There are 2 protein chains.
Amino acid sequence: MSSYDVKKEVTDKYSLRGRVFNRLREDILSGKYEEHEELKEVAIGEELGVSRTPVREAFRQLELEGLIQIIPNKGAYVTGITAKDVKDIYMIRSSLEGMCARLATENITEEQLEELEENVYLAAFHASKGHMEQMTELDNRFHHILYDACNSKMLERLLVDFHQYVARIRQKTLSTKERGIASNNEHRQIMEAIKAGNADEAERLATLHMNNAYNNMVKNGLYDIYKNEEQE
Amino acid sequence: MSSYDVKKEVTDKYSLRGRVFNRLREDILSGKYEEHEELKEVAIGEELGVSRTPVREAFRQLELEGLIQIIPNKGAYVTGITAKDVKDIYMIRSSLEGMCARLATENITEEQLEELEENVYLAAFHASKGHMEQMTELDNRFHHILYDACNSKMLERLLVDFHQYVARIRQKTLSTKERGIASNNEHRQIMEAIKAGNADEAERLATLHMNNAYNNMVKNGLYDIYKNEEQE
DNA sequence: TCATGTATAATTGTATACAATAAAACATCT
DNA sequence: AGATGTTTTATTGTATACAATTATACATGA
């Protein structure tokens with residue numbers, strides 16, 4: 001089990017607070033709540049059938065995950081992401097994903113490598129069919145396997161958080177079938193470099209993969225989406 | 001004002017919760033609480049003269065800052081940092097500090113550059129005198145100026161968090177006068193590269209600076225401190 | 001009409017009471 | 001003595017009451 005899963009379990013998904021946290025997190029990431037929308041404690045509580053206490057505690061966590069911002073005595077607002085933020089995130093990810101791929105080359109287990117291979121082959125099928133939903137799922141899984149395989153919980157935590165952050169933007173910039181195919185080919189190359197034990201190449205390809213993903217976003221109108229927002 | 005400061009103010013230092021949060025954070029970082037020590041809600045509350053509610057909310061935030069770990073229905077425990085964690089942090093920091101220095105070269109203001117220069121010259125004095133306390137303060141400031149100057153709040157947030165994390169270890173690995181002098185010389189080189197507008201060199205030197213800092217820690221017995229802990 | 005002040009309502013902040021869970025102490029049996 | 005089961009205690013989880021703060025609606029005057 002990856003420490004990603006562990007982290008979310010430690011967050012106690014069976015307590016009311018944990019349920020509120022997970023639910024709000026999902027709703028924010030899926031775009032149910034608009035950016036800058038205010039979240040009212042009682043409204044959320046009533047919707048989920050709980051009192052304000054667990055809601056408030058969930059808010060504190062969501063704030064530090066960067067999903068909402070709490071202004072004292074005022075309220076909780078869904079965090080806005082600017083185009084500049086997206087650019088910075090991909091810049092940081094390109095470096096860290098490269099680092100992760102390098103470490104994964106040295107620490108990956110047989111099982112993980114097999115799952116990577118399976119992932120790539122399965123994704124090739126869905127990519128050719130244009131099954132975007134499955135592609136998103138497989139893409140997430142591919143990267144999380146690497147996060148787990150790098151054997152660094154510090155790095156894994158960072159990458160998981162960024163990956164989640166980026167999921168919000170994916171909802172807005174539509175991914176094309178062409179990019180799906182290209183992306184999976186990049187996954188295959190990374191997987192093969194790792195399988196061959198070539199850490200340098202794995203790092204280079206993973207970094208490149210991020211840059212390509214970002215450039216694709218820009219091409220698909222990333223800046224159009226955010227053009228009304230301040231560029232900080 | 002750097003967004004570091006902003007962040008901590010948003011965390012509402014005048015509310016009871018904010019005071020509890022800041023106080024506990026400081027106490028954990030300063031080493032008042034041992035690693036793996038359990039923090040009891042009522043005990044903390046009584047010590048600070050507040051009820052459990054603000055304490056609990058502060059706990060949730062401390063958990064996501066990685067300073068404590070909360071186990072549902074059990075308790076809150078001060079997070080342990082292993083030698084492997086320290087190694088990983090420095091590996092990540094070496095990359096991100098380099099990135100930051102590169103961006104800072106392009107975005108730094110006149111005022112910030114001047115403060116960097118002043119910092120380096122003042123630190124040279126304190127380094128020669130062996131004033132370790134002032135050195136720590138100046139070192140913190142030097143890096144935070146760069147975090148601010150890179151003009152990326154995503155990157156700044158990351159680096160600030162890591163920098164804080166590392167502060168806990170600094171309490172344990174004593175810094176020598178020699179390292180203080182060497183470190184400040186590295187700061188000077190970075191500053192000069194930025195002043196000269198040489199982004200490549202600034203990045204290279206900042207990365208090197210982190211690697212040197214880490215190697216110095218290892219030399220000063222980093223692994224001895226943590227030898228009793230599991231290496232994950 | 002607009003600005004200003006005041007009263008009202010809505011919302012967050014904190015304390016506290018009670019419920020649920022886990023830990024500890026104790027008793028009992030073999 | 002040691003293992004096991006039960007009671008007691010301590011601690012966390014949640015709901016709710018009240019206080020403090022902020023936002024809104026309204027009234028008043030220029």
Side-chain angles (χ1 to χ4, degrees), chain A residues 6-25 27-28 33-80, chain B residues 6-25 27-28 33-80:
Chain A
V6 169
K7 179 186 170 191
K8 298 312 170 194
E9 279 185 18
V10 164
T11 296
D12 187 11
K13 66 180 165 192
Y14 298 111
S15 69
L16 297 189
R17 176 188 55 76
R19 270 173 37 206
V20 173
F21 175 79
N22 288 323
R23 171 66 177 275
L24 286 177
R25 190 163 149 278
D27 286 347
I28 292 171
Y33 297 113
E34 296 292 319
E35 291 195 348
H36 307 294
E37 183 172 345
E38 183 171 2
L39 301 182
K40 305 266 176 64
E41 293 174 2
V42 283
I44 303 288
E46 279 173 7
E47 192 179 332
L48 302 181
V50 301
S51 76
R52 286 173 54 214
T53 310
V55 174
R56 282 179 62 82
E57 294 190 10
F59 275 15
R60 301 300 166 195
Q61 296 193 249
L62 289 165
E63 181 181 32
L64 283 225
E65 282 225 337
L67 292 175
I68 69 175
Q69 186 180 9
I70 298 175
I71 300 176
N73 290 314
K74 284 207 59 183
Y77 304 87
V78 176
T79 306
Chain B
V6 169
K7 180 188 168 191
K8 297 311 168 196
E9 280 185 17
V10 165
T11 296
D12 186 11
K13 67 179 165 190
Y14 298 112
S15 69
L16 297 189
R17 175 188 56 76
R19 269 173 39 209
V20 173
F21 175 79
N22 288 324
R23 171 66 176 277
L24 286 178
R25 190 162 150 279
D27 285 347
I28 292 172
Y33 298 112
E34 297 292 320
E35 291 195 348
H36 306 294
E37 183 172 344
E38 184 171 2
L39 301 180
K40 305 265 176 65
E41 293 175 0
V42 284
I44 303 288
E46 278 173 8
E47 191 180 333
L48 302 180
V50 300
S51 76
R52 286 172 55 213
T53 309
V55 174
R56 281 179 63 83
E57 294 191 11
F59 275 14
R60 300 300 165 194
Q61 296 194 247
L62 290 165
E63 180 181 32
L64 281 227
E65 283 224 338
L67 293 176
I68 68 175
Q69 185 181 10
I70 298 175
I71 300 176
N73 290 312
K74 283 208 57 181
Y77 304 86
V78 176
T79 305

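Because the structure is a prediction, the values reported are computed rather than measured. In what follows, chains are A, B, ... by sequence order, proteins preceding strands, each numbered from 1.
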Q: Under the side chain to side chain contact (heavy atoms under 4.5 Å, CB included) rule, what do A/Glu38 and A/Tyr77 come out as? Steps first, then yes or no, please.
A: CA-CA 4 Å; A/Glu38 183 171 2; A/Tyr77 304 87; 3.6 Å; yes
Q. Considering residues at least two apart in sequence or located in another chain, which fulfil the side chain to side chain contact (heavy atoms under 4.5 Å, CB included) criterion with B/Glu46?
A. none
Q.
According to side chain to side chain contact (heavy atoms under 4.5 Å, CB included), who are the partners of B/Tyr33, at least two apart in sequence or on a separate chain?
A. B/Leu24, B/Asp27, B/Ile28, B/Glu37, B/Leu39, B/Ile44, B/Glu47, B/Val78
Between [atom2] of [N] and [atom1] of [X], the distance in whole Å:
X: B/Glu57; N: D/dT12; atom1: CD; atom2: P; value: 16 Å
X: A/Leu39; N: C/dT12; atom1: CG; atom2: P; value: 9 Å
X: A/Glu41; N: D/dT21; atom1: CD; atom2: C1'; value: 13 Å
X: B/Glu63; N: D/dG13; atom1: CD; atom2: P; value: 10 Å
X: A/Arg17; N: C/dA19; atom1: CZ; atom2: P; value: 22 Å
X: A/Phe59; N: C/dT11; atom1: CZ; atom2: P; value: 12 Å
X: B/Glu46; N: D/dT11; atom1: CD; atom2: P; value: 10 Å
X: B/Lys40; N: D/dT12; atom1: NZ; atom2: P; value: 7 Å

Q: State, to 0.1 Å, how close A/Ile68 and A/Ala76 come at their nearest heavy-atom pair, and which atoms those are.
A: CD1-CB, 4.0 Å
Q) Is the distance from OP1 or OP2 of C/dT11 to the nearest side-chain N or O of A/Arg56 less than 4.0 Å? A) no
Q. With sequence neighbours left out, what residues match A/Arg60 under side chain to side chain donor-acceptor pair (under 3.5 Å)?
A. B/Glu57
Q. Would you say the side chain of B/Arg19 lies within less than 4.5 Å of the side chain of B/Leu48, judging by non-hydrogen atoms?
A. no
Q) Are any non-hydrogen side-chain atoms of B/Val42 and B/Arg52 less than 4.5 angstrom apart? A) yes
Q) How far does CD of B/Glu41 sit from OG1 of B/Thr53, to the nearest 0.5 angstrom? A) 9.0 Å
For nucleotides 20-24 of chain C, print each protein N/O atom paired with a nucleotide N/O atom at under 3.5 Å, atom names and distance only.
residue : atom : partner : partner atom : Å
C/dA23  : OP1  : B/Lys74 : NZ           : 3.1

Q: Could you tell me whether the side chains of A/Gln61 and A/Arg17 share a donor-acceptor contact shorter than 3.5 Å?
A: yes
Nucleotides 15-17 of chain D: which of its N/O atoms have a protein N/O under 3.5 Å away?
residue : atom : partner : partner atom : Å
D/dA15  : OP2  : A/Ser51 : N            : 2.8
D/dA15  : OP2  : A/Ser51 : OG           : 2.7
D/dA15  : O5'  : A/Ser51 : OG           : 3.4
D/dA15  : N7   : A/Thr53 : OG1          : 2.6
D/dT16  : O4   : A/Thr53 : OG1          : 3.3

